[in-house]
Enquirer: 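One structure, pasted below without further comment.
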Amino acid sequence: LYVLIKSLKKGKKINGYMYWSFIDNFEWCEGYSKHFGLYSFDKITYDRTLRPAGEWYSKFLNYVKN
């Protein structure tokens with residue numbers, strides 16, 4: 001993200017960027033024990049909850065947009 005911001009400030013055109021991963025997911029070696037998504041989810045009800053990383057990323061995108 002640091003390089004992304006530097007590139008934008010230099011006037012480079014950025015066509016897109018994808019954060020991995022939108023939602024916590026299953027990892028073959030770790031199962032569901034690792035949490036790195038922007039949202040967590042309840043494995044029974046499938047309700048999604050915005051994680052602190054998701055809040056930070058939202059603020060970051062607003063900063064970059066402006």
Side-chain angles (χ1 to χ4, degrees):
L1 294 177
Y2 171 75
V3 173
L4 179 68
I5 291 172
K6 278 181 64 175
S7 297
L8 288 168
K9 286 182 178 180
K10 289 182 179 180
K12 302 288 183 183
K13 182 178 178 185
I14 306 296
N15 292 326
Y17 174 83
M18 184 171 166
Y19 181 92
W20 183 262
S21 160
F22 169 71
I23 196 164
D24 288 343
N25 61 354
F26 181 82
E27 293 293 317
W28 290 106
C29 294
E30 306 291 339
Y32 286 109
S33 66
K34 300 294 179 191
H35 303 281
F36 48 83
L38 298 176
Y39 283 83
S40 62
F41 77 100
D42 185 300
K43 293 160 200 67
I44 297 171
T45 64
Y46 297 106
D47 288 338
R48 294 174 290 207
T49 305
L50 184 62
R51 298 173 49 82
E55 292 179 28
W56 179 89
Y57 193 61
S58 175
K59 290 175 186 175
F60 169 77
L61 292 177
N62 284 321
Y63 168 78
V64 171
K65 183 174 75 173
N66 298 323

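Just so it is clear, the model here is predicted, and its values are computed rather than measured.
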Enquirer: What distance do Y57 atom OH and N62 atom CG have between them, rounded to the nearest 0.5 Å?
Expert: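 That separation rounds to 11.5 Å.
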Enquirer: Is S58 reaching over with its side chain to a backbone N or O of G54, donor-acceptor style, under 3.5 angstrom?
Expert: no
Enquirer: A cation-pi test, strictly: NZ or CZ of K43 under 6.0 Å from the centre of the six-membered ring of F41 and no more than 45 degrees from its axis. Yes or no?
Expert: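 Yes, K43 lies over the aromatic ring of F41.
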Enquirer: Name all pairs fulfilling the side chain to side chain donor-acceptor pair (under 3.5 Å) condition that reach into residues 9-23, sequence neighbours left out, sorted by first residue then second.
Expert: none
Enquirer: Could you tell me which residues satisfy side-chain contact (heavy atoms from CB on, under 4.5 Å) with F22, sequence neighbours excluded, listed by chain and number?
Expert: Y39, R48
Enquirer: Return the minimal non-hydrogen interatomic distance between G37 and D24, and the atom names on each side.
Expert: N-OD1, 2.7 Å
Enquirer: Could you measure the distance from the CD1 atom of I14 to the CG atom of L8? Nearest 0.5 Å is fine.
Expert: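 Going from CD1 on I14 over to CG on L8, the span is 5.0 Å.
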Enquirer: How long is the gap from CD on E30 to CZ on F36, to the nearest 0.5 Å?
Expert: 9.5 Å
Enquirer: Between L38 and L50, what is the shortest heavy-atom contact and its length?
Expert: O-CD1, 3.6 Å
Enquirer: Mind checking whether W28 and Y32 sit in one hydrophobic cluster, side chains of I, L, V, M, F, W, Y counted as touching below 4.5 Å?
Expert: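 Yes, W28 connects to Y32 through the hydrophobic network.
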Enquirer: Measure the acute angle between the ring planes of Y63 and F60, then classify it against the limits of 30° and 60° as parallel, tilted or perpendicular.
Expert: tilted
